[in-house]
**Student:** 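This is the structure I have questions about; it appears just below.
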Amino acid sequence: MTDIQSKLLDMLAWYDGFCAEHGLTYYAIGGTLLGAVRHGGFIPWDDDIDVGMPRADYERFKTLMKGTCGRYRAETADDGNRDFTYSFCKLYDTTTTAVCDTRYKIKRGLFIDVFPFDGLGENKEDGLKRFKKIQSKRKMITAKRSGTNKKLSFYMNAAIVLSKLVPFNWQKLLKKTHKFCAECDFYNSKYVANVFGRWHDREVVEREWLGEPRRFKFENIEINGLADADKYLTSIYGDYMTPPKESDRKPDHECLFLDLNTPYC
């Protein structure tokens with residue numbers, strides 16, 4: 001493991017224990033679940049951890065973490081920090097410092113992304129319509145809170161510039177979007193989704209695929225994954241057991257500054 005992965009593993013072990021202690025359901029998702037299945041731990045070039053929680057557990061996790069001042073700190077847009085521009089919860093390691101370039105140069109620490117899983121209803125067609133409604137709001141929020149970036153397409157940068165001319169508060173719209181998401185109960189839905197994930201409608205899956213969390217080996221610990229990891233990973237990645245070509249084996253995040261030994265506080 002890299003030094004970054006070692007710190008992330010400590011955080012993941014703590015998070016797994018915290019969820020067990022408080023009876024919270026969570027699942028490793030995305031590249032974290034793929035790493036557990038294909039590599040028995042981190043994808044070698046990966047630099048983050050992604051987990052998802054049913055909406056009720058996600059909200060309870062935020063409440064339990066509010067005001068805590070230990071090594072790990074959870075933050076959402078609800079906390080009102082102007083430079084926090086994410087639509088979901090981040091769990092930070094306060095013993096580290098990482099500066100990321102969003103609309104602001106956000107100074108926090110290494111992190112785990114914690115996403116809510118939301119219900120979409122019993123019918124896939126109606127569920128996709130609901131999902132698209134949420135995504136249209138999400139695109140507005142993303143454009144408003146983002147800064148232009150040379151890595152983005154001309155059209156995305158143009159949308160970001162134009163969004164600055166539209167007078168709306170993205171934090172308020174995000175709060176309304178989360179409220180709308182919570183209206184459709186996770187446990188009474190056949191179809192659910194990580195609506196703030198990166199894989200768009202590939203994130204719309206059957207709730208039974210999540211099922212009762214199944215334990216997976218992840219480096220030297222065990223973590224929760226989906227009951228039917230194969231169907232989920234196939235939906236997201238297709239032939240997920242074949243690694244990408246060498247030139248595509250790159251981490252997802254780039255930090256302007258990183259110090260694994262200095263607290264960002």
**Student:** Please determine whether side chain to side chain contact (heavy atoms under 4.5 Å, CB included) holds for the pair Tyr237 and Trp199, giving the CA-CA distance in whole Å, both sets of side-chain angles, and the decisive distance to 0.1 Å.
**Tutor:** CA-CA 9 Å; Tyr237 300 107; Trp199 299 106; 3.6 Å; yes
**Student:** Nearest heavy-atom pair of Thr94 and Cys265: which atoms, and what distance?
**Tutor:**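 Reported closest heavy-atom pair: CB-SG, 4.2 Å.
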**Student:** Would you say Phe84 and Leu256 are hydrophobically clustered, going by side-chain heavy atoms of ILVMFWY under 4.5 Å?
**Tutor:**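 No, separate clusters.
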**Student:** Say you draw a straight line from OG1 of Thr262 to CZ of Phe257; how long is it, rounded to the nearest 0.5 Å?
**Tutor:**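 Thr262 atom OG1 to Phe257 atom CZ measures 6.5 Å (nearest 0.5 Å).
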**Student:** Could you tell me whether the side chain of Arg108 reaches within less than 4.5 Å of the side chain of Lys90, counting heavy atoms only?
**Tutor:**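 In short, these two side chains do not touch, never coming nearer than 4.5 Å.
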**Student:** Quick check: does any side chain N or O of Tyr232 sit under 3.5 Å from a backbone N or O of Gly30, one acting as donor and the other as acceptor?
**Tutor:**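 Flag set: sc Tyr232 to bb Gly30 pair under 3.5 Å.
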**Student:** Donor-acceptor pair, Ser189 side chain versus Glu122 backbone, under 3.5 Å?
**Tutor:**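 No; judged by distance alone, with no hydrogens or angles, the pair does not exist.
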**Student:** Applying side chain to side chain contact (heavy atoms under 4.5 Å, CB included) to Val51 and Thr32, what does each step give before you reach the verdict?
**Tutor:** CA-CA 8 Å; Val51 297; Thr32 305; 5.6 Å; no
**Student:** Do Leu110 and Ile4 have side-chain heavy atoms sitting under 4.5 Å apart?
**Tutor:**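 Yes, close enough: below the 4.5 Å cut-off.
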**Student:** Does a side-chain heavy-atom distance below 4.5 Å link Leu64 with Phe18?
**Tutor:**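 Sidechains of Phe18 and Leu64: in contact.
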**Student:** Distance alone, cut at 3.5 Å: any donor-acceptor contact between the side chains of Asn224 and Arg214?
**Tutor:**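 Per modelled atom types, Asn224 and Arg214 side chains form no pair under 3.5 Å.
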**Student:** Just say parallel, tilted or perpendicular for the rings of Phe111 and Tyr92, cut-offs at 30° and 60°.
**Tutor:**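 It falls in the perpendicular class, over 60°.
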**Student:** Residues in side-chain hydrogen bond (donor to acceptor under 3.5 Å, both in side chains) with Gln171, at least two apart?
**Tutor:**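 Gln171 satisfies side-chain hydrogen bond (donor to acceptor under 3.5 Å, both in side chains) with no residue once adjacent residues are dropped.
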**Student:** What are the two closest non-hydrogen atoms of Gly23 and Asp57, and how far apart are they?
**Tutor:**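 Heavy-atom minimum between the residues: O-OD1, 4.0 Å.
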**Student:** Please tell me if the side chains of Tyr191 and Asp126 come closer than 4.5 Å, counting only heavy atoms from C-beta onward.
**Tutor:**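 Of all side-chain heavy-atom pairs linking Asp126 with Tyr191, none is under 4.5 Å.
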**Student:** Do Val195 and Glu203 make a side-chain contact, defined as non-hydrogen atoms from C-beta onward lying under 4.5 Å apart?
**Tutor:**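 No; the side chains remain at least 4.5 Å from each other.
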**Student:** Between Ile49 and Phe42, is there a side-chain heavy-atom distance shorter than 4.5 Å?
**Tutor:**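 When only atoms from C-beta onward are counted, Ile49 and Phe42 do touch, with a gap below 4.5 Å.
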**Student:** Search all heavy atoms of Ser247 against all heavy atoms of Lys250 and return the closest pair with its distance.
**Tutor:**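 Minimum heavy-atom contact is O-CE, 3.1 Å.
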**Student:** Just by distance, with hydrogens left out, do Thr242 and Asp239 show a side-chain donor and acceptor under 3.5 Å apart?
**Tutor:**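 Per modelled atom types, Thr242 and Asp239 side chains form a pair under 3.5 Å.
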**Student:** Please determine whether a side-chain nitrogen of the Lys or Arg among Lys107 and Asp83 lies less than 4.0 Å from a carboxylate oxygen of the Asp or Glu.
**Tutor:**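 No.
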**Student:** Any salt bridge between Asp16 and Arg215, counting N to O under 4.0 Å?
**Tutor:**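 Counted as a salt bridge, because a side-chain N and a carboxylate O are separated by less than 4.0 Å.
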**Student:** Name the one of Lys62, Lys175, Lys66 that satisfies side-chain hydrogen bond (donor to acceptor under 3.5 Å, both in side chains) with Asp78?
**Tutor:**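 When side-chain hydrogen bond (donor to acceptor under 3.5 Å, both in side chains) is applied between Asp78 and each of Lys62, Lys175, Lys66, only Lys62 qualifies.
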**Student:** Set out, in order, the CA-CA distance, both residues' side-chain angles and the distance that settles side chain to side chain contact (heavy atoms under 4.5 Å, CB included) for Thr85 and Trp170, then state yes or no.
**Tutor:** CA-CA 9 Å; Thr85 59; Trp170 73 263; 4.3 Å; yes
**Student:** In Å, rounded to the nearest 0.5 Å, how long is the span from SG of Cys181 to CG of Leu120?
**Tutor:**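 Going from SG on Cys181 over to CG on Leu120, the span is 8.5 Å.
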**Student:** Tell me whether Glu183 at atom CD has more than 12 heavy atoms from other residues, nucleotides or ligands lying less than 6.0 Å away.
**Tutor:**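 Yes, because the 6.0 Å sphere around CD of Glu183 holds more than 12 heavy atoms from other groups.
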**Student:** Measure from the side-chain N and O atoms of Asp79 to the backbone N and O of Asn81, and report whether any donor-acceptor pair falls under 3.5 Å.
**Tutor:**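 No: the side chain of Asp79 does not pair with the backbone of Asn81.
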**Student:** Backbone N or O of Cys89 within a donor-acceptor pair of the Thr76 side chain at under 3.5 Å?
**Tutor:**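 No, because the side chain of Thr76 does not come within donor-acceptor range (under 3.5 Å) of the backbone of Cys89.
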**Student:** For the NZ atom of Lys124 and the NZ atom of Lys190, what is their distance to the nearest 0.5 Å?
**Tutor:**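 Interatomic distance, Lys124 NZ to Lys190 NZ, rounded to 0.5 Å: 10.0 Å.
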**Student:** In Å and rounded to the nearest 0.5 Å, what is the CG to CD distance from Leu226 to Glu212?
**Tutor:**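 Going from CG on Leu226 over to CD on Glu212, the span is 12.0 Å.
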**Student:** Apply salt bridge (charged side-chain N to carboxylate O under 4.0 Å, His left out) to the pair Glu59 and Arg55, showing each step before the final yes or no.
**Tutor:** CA-CA 6 Å; Glu59 296 296 343; Arg55 171 63 68 171; 2.8 Å; yes
**Student:** Shortest non-hydrogen contact from Tyr187 to Pro54?
**Tutor:**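 Here Tyr187 and Pro54 meet closest at OH-CG, 3.6 Å.
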**Student:** Can you tell me which residue among Asp50, Asp46, Leu233, Ile29 is in a side chain to side chain contact (heavy atoms under 4.5 Å, CB included) with Leu34?
**Tutor:**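 Filter result, single survivor: Leu233.
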**Student:** Distance-only, no hydrogens or angles: does the Thr177 side chain make a donor-acceptor pair with backbone N or O of Lys137 under 3.5 Å?
**Tutor:**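 No, because the side chain of Thr177 does not come within donor-acceptor range (under 3.5 Å) of the backbone of Lys137.
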**Student:** Under 6.0 Å from the ring centre and within 45 degrees of the ring axis: does the NZ or CZ of Arg130 meet both conditions for the six-membered ring of Phe180?
**Tutor:**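 Yes, Arg130 sits over the ring of Phe180.
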**Student:** Of the options Thr97, Thr96, Thr95, which is the one that meets Asp93 in a side-chain hydrogen bond (donor to acceptor under 3.5 Å, both in side chains)?
**Tutor:**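 The residue from Thr97, Thr96, Thr95 that satisfies side-chain hydrogen bond (donor to acceptor under 3.5 Å, both in side chains) with Asp93 turns out to be Thr95.
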**Student:** Contact between Thr25 and Met53 at the side-chain level, heavy atoms closer than 4.5 Å - yes or no?
**Tutor:**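 No, every pair of side-chain atoms sits at 4.5 Å or beyond.
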**Student:** Check whether Lys217 reaches the backbone of Glu219 with its side chain - one donor and one acceptor, N or O, closer than 3.5 Å.
**Tutor:**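 Confirmed, Lys217 side chain pairs with Glu219 backbone.
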**Student:** If hydrophobic clusters are built from ILVMFWY residues whose side chains come within less than 4.5 Å, do Trp45 and Met1 share one?
**Tutor:**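 Yes, Trp45 and Met1 fall within the same hydrophobic cluster.
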**Student:** If every non-hydrogen atom of Leu210 is compared with every non-hydrogen atom of Phe186, which pair is closest and at what distance?
**Tutor:**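 Result for this residue pair: CD2-CZ, 3.8 Å.
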**Student:** Using modelled atom types only, decide if a donor and an acceptor are shared between the side chain of Thr234 and the backbone of Asp230 within a distance under 3.5 Å.
**Tutor:**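 Yes, the answer is positive, given that a donor and an acceptor are paired below the 3.5 Å cut-off.
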**Student:** Verify, without hydrogens or angle tests, whether Arg38 (side chain) and Ile43 (backbone) share a donor-acceptor contact under 3.5 angstrom.
**Tutor:**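 Pair absent, no side-chain N/O of Arg38 close to backbone of Ile43.
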**Student:** Taking the side chain as every heavy atom from C-beta outward, state whether Glu222 and Phe216 have any atom pair closer than 4.5 Å.
**Tutor:**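 Not in contact.
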**Student:** First locate atom OG of Ser87, then atom CG of Leu174, and finally report the distance between them rounded to the nearest 0.5 Å.
**Tutor:**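 Reported value, rounded in 0.5 Å steps: 5.0 Å.
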**Student:** Ignoring hydrogens and geometry beyond distance, is a side-chain donor-acceptor pair present between Asp259 and Tyr264 at under 3.5 Å?
**Tutor:**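 Not at all, the side chains of Asp259 and Tyr264 share no donor-acceptor pair under 3.5 Å.
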**Student:** When hydrophobic residues are tied together by side-chain contacts of less than 4.5 Å, even through go-betweens, does Tyr86 share a cluster with Val99?
**Tutor:**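 No, Tyr86 does not connect to Val99 through the hydrophobic network.
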**Student:** Please tabulate, one pair per line, all N/O donor-acceptor pairs under 3.5 Å involving side-chain atoms of residues 6-15, not counting sequence neighbours.
**Tutor:**
residue: Lys7; atom: NZ; partner: Leu260; partner atom: O; Å: 3.1

**Student:** Mind listing the closest non-hydrogen atom pair of Tyr240 and Val37 along with its distance?
**Tutor:**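 For Tyr240 versus Val37, the nearest heavy atoms are CE1-CG1, 3.9 Å.
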**Student:** Let me see the working for Leu33 and Tyr27 under side chain to side chain contact (heavy atoms under 4.5 Å, CB included), right down to the final yes or no.
**Tutor:** CA-CA 8 Å; Leu33 182 61; Tyr27 304 91; over 6 Å; no
**Student:** Say whether, by atom type as modelled, one donor and one acceptor occur between the side chain of Arg60 and the main chain of His22 under 3.5 angstrom.
**Tutor:**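 Yes: the side chain of Arg60 pairs with the backbone of His22.
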**Student:** Would you check if the distance from the ring center of Phe115 to the ring center of Phe88 is below 6.0 Å?
**Tutor:**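 Ring centres of Phe88 and Phe115 closer than 6.0 Å.
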**Student:** Supply the atom-to-atom distance His200 NE2 to Ile236 CD1, rounded to the nearest 0.5 angstrom.
**Tutor:**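 Here the interatomic distance stands at 10.5 Å.
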